[in-house]
Amino acid sequence: MNADARPSVKPVSSAVGPLGAMGAVFARDVRVAFRQRQDLLNPLLFFIMVVTLFPLGVSPEVAFLKQSGAGILWVAALLSVLLSLDHLFRHDFDDGTLEQLVLQPQPLFLLILAKTAAHWVLTGLPLVLLAPVLGVMVHLDGNSIAILCLTLLIGTPVLSMIGAIGAALTLGLRSAGVLLSLLIIPLYIPVLIFGTGTVAAAAEGAPVAGYLALMGAFLVLAVTLAPFASAAALRISLSNS
């Protein structure tokens with residue numbers, strides 16, 4: 001799609017409240033995403049292919065899949081989110097919309113929070129909805145699937161929030177996708193460990209409240225701190241471009 005066909009961010013009057021500005025940015029990102037359906041479908045297709053091909057390449061045994069199924073789904077979800085992060089700011093940077101966003105009278109971190117929320121709704125939430133079907137395919141029981149979906153529901157927003165920092169830092173750089181992966185994957189490891197650990201504990205009949213509380217703490221920290229870091233990284237990248 002040509003840049004001229006993409007709706008740009010119109011100047012927001014200072015009379016418009018922060019919530020109104022966030023709603024406008026969120027709605028715009030959703031409209032733009034549905035005009036570029038390939039960017040929406042690629043992470044979902046990648047998620048499905050990784051989960052589907054893993055048993056064929058490693059082992060189709062039921063006992064193995066029950067033990068490693070949660071890890072397979074979590075790794076596939078993590079990589080799918082990572083695959084979509086390069087487009088979080090890239091299109092807006094290319095057509096000049098990002099500069100307009102920075103010049104808005106509303107706080108930049110709130111607008112980035114809205115953009116990241118739109119990214120999660122379009123990328124992370126579909127992964128959560130697909131997880132039960134793929135969980136059945138890897139022979140997880142009903143309780144494990146429920147806990148898996150809950151951990152993905154809590155954890156995928158954290159992946160989007162952390163990923164926004166890396167996407168802002170690597171904006172405008174050559175080979176940004178490779179650099180983004182190197183920056184972000186180490187920060188994803190705690191979420192991956194606790195996400196898979198929660199499902200493993202549930203499968204063994206152990207209490208999972210502590211795991212879920214820690215994942216909830218990750219989510220609170222990400223929502224609270226990541227937009228500020230993303231806003232600072234975005235300003236640095238734009239000043240150097």
Side-chain angles (χ1 to χ4, degrees), residues 1-13 16-50 76-131 133 152-153 156-157 159-177 180-181 184 226-227 230-231 233-234 237-238 241:
M1 180 177 293
N2 296 329
D4 295 338
R6 291 168 49 83
S8 61
V9 176
K10 298 180 180 179
V12 179
S13 170
V16 177
L19 292 179
M22 291 176 67
V25 172
F26 181 91
R28 175 196 172 271
D29 279 16
V30 171
R31 289 197 304 270
V32 170
F34 277 102
R35 294 180 185 180
Q36 298 173 334
R37 293 182 179 87
Q38 183 177 355
D39 291 345
L40 285 178
L41 292 176
N42 284 343
L44 300 180
L45 293 176
F46 181 82
F47 181 59
I48 295 171
M49 286 191 297
V50 169
L78 184 152
L79 294 176
S80 298
V81 172
L82 186 64
L83 180 67
S84 66
L85 286 174
D86 189 51
H87 304 295
L88 181 57
F89 300 116
R90 176 73 56 184
H91 295 313
D92 290 345
F93 176 74
D94 291 339
D95 65 14
T97 302
L98 202 56
E99 284 81 358
Q100 297 180 40
L101 199 70
V102 173
L103 294 174
Q104 298 297 315
Q106 306 300 335
L108 180 59
F109 74 91
L110 290 178
L111 303 182
I112 290 179
L113 179 60
K115 287 184 68 67
T116 310
H119 173 268
W120 176 76
V121 168
L122 296 167
T123 304
L125 186 58
L127 299 181
V128 178
L129 298 178
L130 280 174
V133 177
L152 287 173
L153 188 63
T156 48
L159 301 182
S160 293
M161 293 288 174
I162 296 175
I165 303 173
L169 281 172
T170 58
L171 189 64
L173 300 180
R174 294 182 180 179
S175 303
L180 177 62
S181 301
I184 294 304
S230 299
L234 201 58
S237 297
L238 290 176
S241 61

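What's counted below: heavy atoms across the whole structure, side chains too, no hydrogens, waters or symmetry copies.
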S.K.: Which heavy atom of Pro18 sits nearest a heavy atom of Leu110, and at what distance?
M.R.: CB-CD1, 3.6 Å

S.K.: Can you list the steps and then say if Gln100 with Asp92 is a side-chain contact (heavy atoms from CB on, under 4.5 Å)?
M.R.: CA-CA 9 Å; Gln100 297 180 40; Asp92 290 345; over 6 Å; no

S.K.: At what distance, to the nearest 0.5 angstrom, does OG1 of Thr156 lie from CG of Leu78?
M.R.: 10.5 Å

S.K.: Using every non-hydrogen atom in the two residues, find where Ala77 and Leu127 come nearest and quote the distance to one decimal.
M.R.: O-CD1, 3.8 Å

S.K.: Find the distance between CG (Leu83) and NE2 (His87) and round it off to the nearest 0.5 Å.
M.R.: 6.5 Å

S.K.: Working to the nearest 0.5 Å, report the span between OG of Ser181 and CG of Leu79.
M.R.: 8.5 Å

S.K.: Test side-chain contact (heavy atoms from CB on, under 4.5 Å) on Trp120 and Leu159; report intermediate values, then the result.
M.R.: CA-CA 9 Å; Trp120 176 76; Leu159 301 182; over 6 Å; no

S.K.: With side chains defined as the heavy atoms from C-beta onward, is the minimum distance between Val32 and His91 less than 4.5 Å?
M.R.: no

S.K.: Looking at every non-hydrogen atom in both residues, tell me the closest pair between Leu113 and Met161 and how far apart they are.
M.R.: CD1-CE, 3.2 Å

S.K.: Where is the tightest heavy-atom contact between Leu44 and Thr123, given as atom of each residue plus distance?
M.R.: CD2-O, 4.4 Å

S.K.: Test Phe93 against Leu238 for side-chain contact (heavy atoms from CB on, under 4.5 Å), laying out the working first.
M.R.: CA-CA 9 Å; Phe93 176 74; Leu238 290 176; 3.8 Å; yes

S.K.: Counting C-beta onward and ignoring hydrogens, is there a side-chain heavy-atom pair between Val25 and Gln106 closer than 4.5 Å?
M.R.: no

S.K.: If I take atom CZ from residue Phe89 and atom OG1 from residue Thr116, how far apart are they, to the nearest 0.5 angstrom?
M.R.: 5.5 Å

S.K.: Any donor-acceptor pair under 3.5 Å linking the side chain of Ser237 with the backbone of Leu234?
M.R.: no

S.K.: First locate atom CD1 of Ile165, then atom CG of Leu180, and finally report the distance between them rounded to the nearest 0.5 Å.
M.R.: 11.0 Å

S.K.: Over all heavy atoms of both residues, which pair between His119 and Ser84 is shortest? Give the atoms and the distance, please.
M.R.: NE2-OG, 2.9 Å

S.K.: Go through the steps for Leu98 and Leu171 under the test side-chain contact (heavy atoms from CB on, under 4.5 Å), then give the verdict.
M.R.: CA-CA 11 Å; Leu98 202 56; Leu171 189 64; 3.3 Å; yes

S.K.: Nearest 0.5 angstrom please: Ile48 CD1 to Leu130 CG, how far?
M.R.: 5.0 Å

S.K.: What is the minimum heavy-atom distance between Ala33 and Leu40, and which atoms define it?
M.R.: O-CD1, 3.5 Å

